Amino acid sequence: PVVTVTGNPFIGHEIYANPYYASQIQTAVASLQTSEPALAAKAASVAKIGTFLWLDVVRKVPYLKNYLDDIRYQQAQGRKVIAPIVVYDLPDRDCAALASNGEFAIADGGEAKYKDYINQIAAIIKEYNDINTVLVIEPDSVANMITNMGVPKCAGAAKAYREGIQYALKTLNFPHVSMYIDAGHAGWLGWPANITPAAKEYSDLFKNAGSPRACRGIATNVSNYNAWIASSPDPATTPNPNYDEKHYVDAFAPMLEAAGFPAHFIVDTGRSGVQNIRAKWGDWCNVKGAGFGIRPTTNTGHSAVDALVWIKPGGESDGTSDQSAVRFDAHCRSESSHIPAPEAGQWFNEFFITLVKNANPPL
Ligand SMILES: O=[N+]([O-])c1ccc(O[C@@H]2O[C@H](CO)[C@@H](O[C@@H]3O[C@H](CO)[C@@H](O[C@@H]4O[C@H](CO)[C@@H](O)[C@H](O)[C@H]4O)[C@H](O)[C@H]3O)[C@H](O)[C@H]2O)cc1
Ligand SMILES: [Mg+2]
């Protein structure tokens, strides 16, 4: 039946555990089976945990139908399953870094290609109006508009980012959809100097898109390593009073509400199980010693936080450590980084095994 979502979309639902991530995990399990069977079993259990599907290239969009068909099959068995998707293909993507440079360039018709990408997603999502669908909108992009307008590529992309995101918010505004716009993390927009301009930027985006019903709020800590709640501040976070994601949400939510954007939040806890492992807070690439964090849940203990979720699939690289690679970013050879590492999005088996070993809570 047609789904109309009101309120927290995650309540009473499990998050789709997609077969693509599961198949990559099987590789790790096979490599551990004989030498470390207990660890292999823990690794295998991750395949059942729902992570988000990243539509990071337009050629992946048609595969969305396969996943949605699979969810229909699970729903036919009486299960209530969320479709968890990341929309991530803006032209001149990842403008302040190199690791996740995208396929579309503004200089090469990227804005029109992005609208076609969004239209393709909208056509499929519209057809599957019986599936409760959650969309994270464009990790890192708006955050870069707040802190990196000094980077020529970001300054040059500002108009395209804002227009592209507003197009997405309007075009994907369906009754069965809930959208969360990415807003970096506590160590990015959570800094006092950044959070005030951030509140204006996000509320303007929301209002200029016509305050779409489906725009439920904000996603934080996507692909990052911050605690949801830290028992004490990680030394790398000093002197930021917002030293974990809960402090960031507590500070940000009322500012957005006051500016006309009554945002709810989801927080990525996929790789936040271990704290105090970064030399510098700005070290974002393949952080050595990381562990899987709090399992996806709606028991957040926070009225503004709909769910803790695993958005970045742990085990997929943040970026290559190969200095000769086109998309090499020096942050991926930071003192905090696990080296060697493959290209962004590629399977990073050693890192996955560390995430399993260091999982907190334990697997
Ligand atoms: O105490 N002080 O006096 C003081 C003064 C100034 C300060 O400045 C702040 O310092 C922060 C670093 O601490 C900066 O935050 C970093 O900004 C980077 C982008 O520029 C982000 O990188 C992205 O990370 C994504 C994954 O999260 C990747 O997917 C993506 O590819 C990658 O590009 C880092 O996470 C994020 O931690 C702030 O901008 C900056 O304003 C801070 C304190
Ligand atoms: Mg990235």
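Every number for a ligand or one of its atoms is a count from 1 in the order of the listing. Keep in mind that this is a model prediction, so the values were computed, not measured.
- Remark: ligand 1 atoms within the under-4.0 Å shell around heavy atoms of Thr147 are 39 (O), 41 (O).
- In summary, Lys312 and Asp268 do not engage in a salt bridge, as defined by a charged side-chain N under 4.0 Å from a carboxylate O.
- Here is the list of ligand 1 atoms found below 4.0 Å of a heavy atom in Asn148: 19 (C), 20 (O).
- Under 4.0 angstrom from ligand 1, the non-hydrogen atoms of Asn194 all belong to its side chain.
- Residue pairs meeting the disulfide bond (SG atoms under 2.5 Å apart) criterion with at least one partner in residues 73-176, sequence neighbours excluded, are Cys95-Cys154.
- At under 3.5 Å, not a single nitrogen or oxygen of Ser223, backbone or side chain, sits near a nitrogen or oxygen of ligand 1.
- Less than 4.0 angstrom separates some heavy atom of Ala97 from each of these atoms of ligand 1: 31 (O), 33 (O).
- The side-chain tip of Arg93 points at the ring of Tyr88 from less than 6.0 angstrom away and within 45° of straight on.
- Under the side-chain contact (heavy atoms from CB on, under 4.5 Å) test applied with Ile25, the options Asn349, Val46, Val356 reduce to a single match, Val46.
- For the pair Lys159 and Glu163, the salt-bridge criterion is met [side-chain N within less than 4.0 Å of a carboxylate O].
- Among Trp188, Trp191, Tyr88, the residue whose heavy atom lies nearest to atom 23 (C) of ligand 1 is Trp188.
- Residue contacts with ligand 1: Pro239 is included, with a non-hydrogen atom under 4.0 Å away.
- Assignment of Gly187 to the shell around ligand 1 is supported, since a heavy atom sits closer than 4.0 Å.
- You'll find the side chain of Asp89 stays beyond 4.5 Å of the side chain of Asp56, heavy atoms only.
- Residue pairs meeting the side chain to side chain donor-acceptor pair (under 3.5 Å) criterion with at least one partner in residues 37-54, sequence neighbours excluded, do not occur; the list is empty.
- For ligand 1 and His185, the ligand atoms under 4.0 Å from any heavy atom of the residue are 27 (O), 34 (C), 35 (O), 36 (C), 37 (O).
- Taking distance alone, with nitrogen or oxygen atoms compared against 3.5 Å, Asn224 approaches ligand 1 more closely than that limit.
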